[in-house]
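Okay, so here's the structure we're looking at.
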Amino acid sequence: MFLVKTPVLVCSDAFRVFLQRHCPVVAEPFSPTPWCWGGRLQTLVRVLIKSSPQVDYRNELIRTADGGQISLDWVDNGDSAAYPECYSRPTVLILPGLTGNSRQTYVLHAVSQATRRGYRCVVFNNRGFGGEELLTPVTFCAADTSDLERVVLHVRELFPQAPLLGTGVSLGGMLLLNYLARKGSEAGLVAGLTMSVSWDTLESCASLEQPINRLIFNRHLASNLCQAINRHRKMLETVVDVDHVLKARTIREFDERYTSVMFGYKSCLDYYQEASPNYKLPRTTVPILCLNAADDPFSPKHALPVALAKRLPNVALLVTSHGGHIGYLEGLYPRGEGYMDRLFGQFIQAAFDHPGDLKGACSIKEELLD
């Protein structure tokens, strides 16, 4: 049986007080589904059993400087009673995981949490994964923040008076953290929230190459990536050897044959170093809450940036003993709202409702948080 434990919250005293006051779930014991033993099972069962709330998106395609296009899925929430004025309605920007898009269950639950609180949502689908055609031979990677920069600028131009918060899941969280580190005080976000981030890409790859993880997760993810490349074969074969890429059986092989080549890295190791957000945290200034599970097969516990979170005023690392990768299932039949969903809902409301308190707690001197 699982032991019911309160998550470990690593952050400054001031940030801790803010979270415990306005986001009380951080101090509540997490009791995982008793029959869902271990991080691997939590990870697998979530995919199979989690419900899919009804969400009706409005799609928008925006162009990029290189001639490409990005697919954004909006929920405008025009009937919001809490924020009836469109121009000032708080907006949540959601970044899905490696092969995800706006139809993932964790995205749908996040949208449900946000819209019931009156907020607007926009899901940033990575190039080639939102159902759109590739117009240029470019997709995405965790280290390249140019598309995210384009999206944030676009949203802020549409709604300059509306506060904007970013949340990223798995690779989406890596991308968000790399963006926040790159932009610093010019990020344009009131706060960031990440869930199940792989902090050290090389360590994550090593974990996924363990025999059981390789069999259960690695080959499946590599297959999904290869399917996406094959779907856009005509466009991508001008810059990479698609047939060679399609023979990849692990994420590392895929990154060696495709990602590092596509984005001009000398080696896969160079790409993994650049993609890893752990050492970049000191460059961030926006308040960030990061949720990880100690038994996540994608993000090993020893790679979590505990020491950095202890000394950075704007970063809070919340670590549950169990939960797996984007799992966090609780209750005997965990189809509905789970721990991760409640944390998301409470934190975004705390950030939007108490921006002054958040600014003070994190020692941030940016006008964006006023």
Side-chain angles (χ1 to χ4, degrees), residues 2 5 7-8 30-33 35-52 94-101 103-110 126 129 142 167-177 193-225 250-252 254-255 272 275-278 289-305 317-330 334-335 337-344:
F2 285 118
K5 295 182 179 180
V8 176
F30 170 54
S31 179
T33 297
W35 54 265
C36 206
W37 181 263
R40 295 187 184 100
L41 196 54
Q42 281 264 330
T43 305
L44 287 170
V45 170
R46 193 272 306 170
V47 177
L48 299 173
I49 203 173
K50 196 78 168 179
S51 63
S52 297
I94 302 173
L95 286 68
L98 179 60
T99 58
N101 54 37
R103 289 297 170 186
Q104 305 303 305
T105 58
Y106 57 82
V107 173
L108 297 175
H109 276 274
N126 288 311
F129 283 83
T167 182
V169 181
S170 192
L171 181 132
M174 297 171 65
L175 186 60
L176 178 63
L177 289 167
L193 172 63
T194 70
M195 293 167 283
S196 296
V197 157
S198 295
W199 290 95
D200 185 316
T201 312
L202 194 59
E203 292 291 342
S204 292
C205 254
S207 178
L208 286 172
E209 286 167 354
Q210 295 175 7
I212 297 179
N213 291 340
R214 182 185 179 108
L215 178 65
I216 299 175
F217 304 116
N218 207 329
R219 291 175 64 90
H220 176 69
L221 284 171
S223 175
N224 286 346
L225 289 168
T250 66
I251 294 176
R252 191 194 299 262
F254 179 87
D255 288 332
Y272 284 171
S276 300
N278 53 356
L289 174 60
C290 308
L291 173 67
N292 282 90
D295 63 356
D296 185 342
F298 288 61
S299 186
K301 181 181 178 181
H302 66 264
L304 299 180
L317 179 64
L318 184 66
V319 184
T320 58
S321 296
H322 306 286
H325 189 72
I326 327 176
Y328 302 99
L329 304 176
E330 54 188 355
R335 279 184 50 79
E337 176 184 290
Y339 181 84
M340 187 175 81
D341 309 315
R342 295 203 314 280
L343 178 74
F344 169 84

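Note that the structure is a prediction, hence the values are computed from the model and not measured.
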*Does D200 have any salt bridge (Lys or Arg N to Asp or Glu O under 4.0 Å) partners at least two apart in sequence or in another chain, and if so, which?*
none
*Could you grab the distance from atom CG of L208 to atom CD1 of I216, nearest 0.5 Å is fine?*
11.0 Å
*Indicate yes or no: at least one non-hydrogen side-chain atom of L202 is less than 4.5 angstrom from one of S276.*
no
*Working to the nearest 0.5 Å, report the span between CG of L108 and CD1 of I94.*
9.0 Å
*asked:* On a heavy-atom basis, which atom in A275 and which in M174 lie closest, and how many Å separate them?
replied: O-CE, 3.6 Å
*asked:* Checking the side chain of N218 only, and the main-chain atoms of I251 only, is there a donor and an acceptor separated by less than 3.5 Å?
replied: yes
_Using modelled atom types and a 3.5 Å cut-off, is there a donor and acceptor pairing between side-chain atoms of S196 and backbone atoms of V169?_
no
*State, with a plain yes or no, whether a side-chain heavy atom of D255 is found less than 4.5 Å away from one of T201.*
no
*Is a donor on one side and an acceptor on the other found under 3.5 Å between the side chain of T33 and the backbone of W35?*
no
*Could you list the residues that satisfy salt bridge (Lys or Arg N to Asp or Glu O under 4.0 Å) with R40, not counting sequence neighbours?*
none
*Applying side-chain hydrogen bond (donor to acceptor under 3.5 Å, both in side chains), name anything that partners S52, two or more places apart in sequence or on another chain.*
none
_Approximate separation, where rounding is to 0.5 Å, of T194 OG1 and L291 CG_ = 7.5 Å
*asked:* I'd like to check F129 versus L225 (side-chain heavy atoms, cut-off strictly below 4.5 Å). Are they in contact?
replied: yes
*Would you name the heavy atoms of D295 and G38 that are closest together and state the gap between them?*
OD2-C, 3.7 Å
*salt bridge (charged side-chain N to carboxylate O under 4.0 Å, His left out) contacts in which one or both residues fall within residues 205-218, not counting sequence neighbours*: E209-R252
Without placing hydrogens or testing angles, list every side-chain donor-acceptor pair under 3.5 Å for residues 43-51, not counting sequence neighbours.
unit_1: T43; atom_1: OG1; unit_2: G39; atom_2: O; d: 2.7
unit_1: T43; atom_1: OG1; unit_2: H325; atom_2: N; d: 2.8
unit_1: R46; atom_1: NE; unit_2: I326; atom_2: O; d: 3.1
unit_1: R46; atom_1: NH1; unit_2: T105; atom_2: OG1; d: 3.2
unit_1: K50; atom_1: NZ; unit_2: G336; atom_2: O; d: 2.7
unit_1: K50; atom_1: NZ; unit_2: D341; atom_2: OD2; d: 3.1
unit_1: S51; atom_1: OG; unit_2: H109; atom_2: NE2; d: 3.1
unit_1: S51; atom_1: OG; unit_2: R335; atom_2: O; d: 2.8

*Non-hydrogen atoms of A294 and S321 that approach each other most closely*: CB-O, 3.8 Å
*With distance as the sole test, does N292 use its side chain to make a donor-acceptor pair with the main-chain N or O of V319 at under 3.5 Å?*
no
*Find the distance between CG (L177) and CH2 (W199) and round it off to the nearest 0.5 Å.*
4.5 Å
_L221 and T99, any side-chain heavy atoms less than 4.5 Å apart_ = yes
*Minimum heavy-atom separation for A293 to G324, with atom names?*
CB-O, 3.4 Å
*NZ/K5 to OG/S31 distance, rounded to the nearest 0.5 angstrom?*
13.0 Å
_I'd like to know if the side chain of E337 reaches the main chain of R342, judged simply by a donor and an acceptor atom lying under 3.5 Å from each other, with no hydrogens or angles considered._
no
_Quick check for you: to the nearest 0.5 Å, what is the distance between L176 atom CG and L193 atom CG?_
8.5 Å
Distance-only check: which donor-acceptor pairs under 3.5 Å involve side-chain atoms of residues 297-305, not counting sequence neighbours?
unit_1: S299; atom_1: OG; unit_2: V197; atom_2: O; d: 2.9
unit_1: H302; atom_1: NE2; unit_2: E203; atom_2: OE1; d: 2.9

*Side chains of Y106 and P96: closer than 4.5 Å at any heavy-atom pair?*
yes
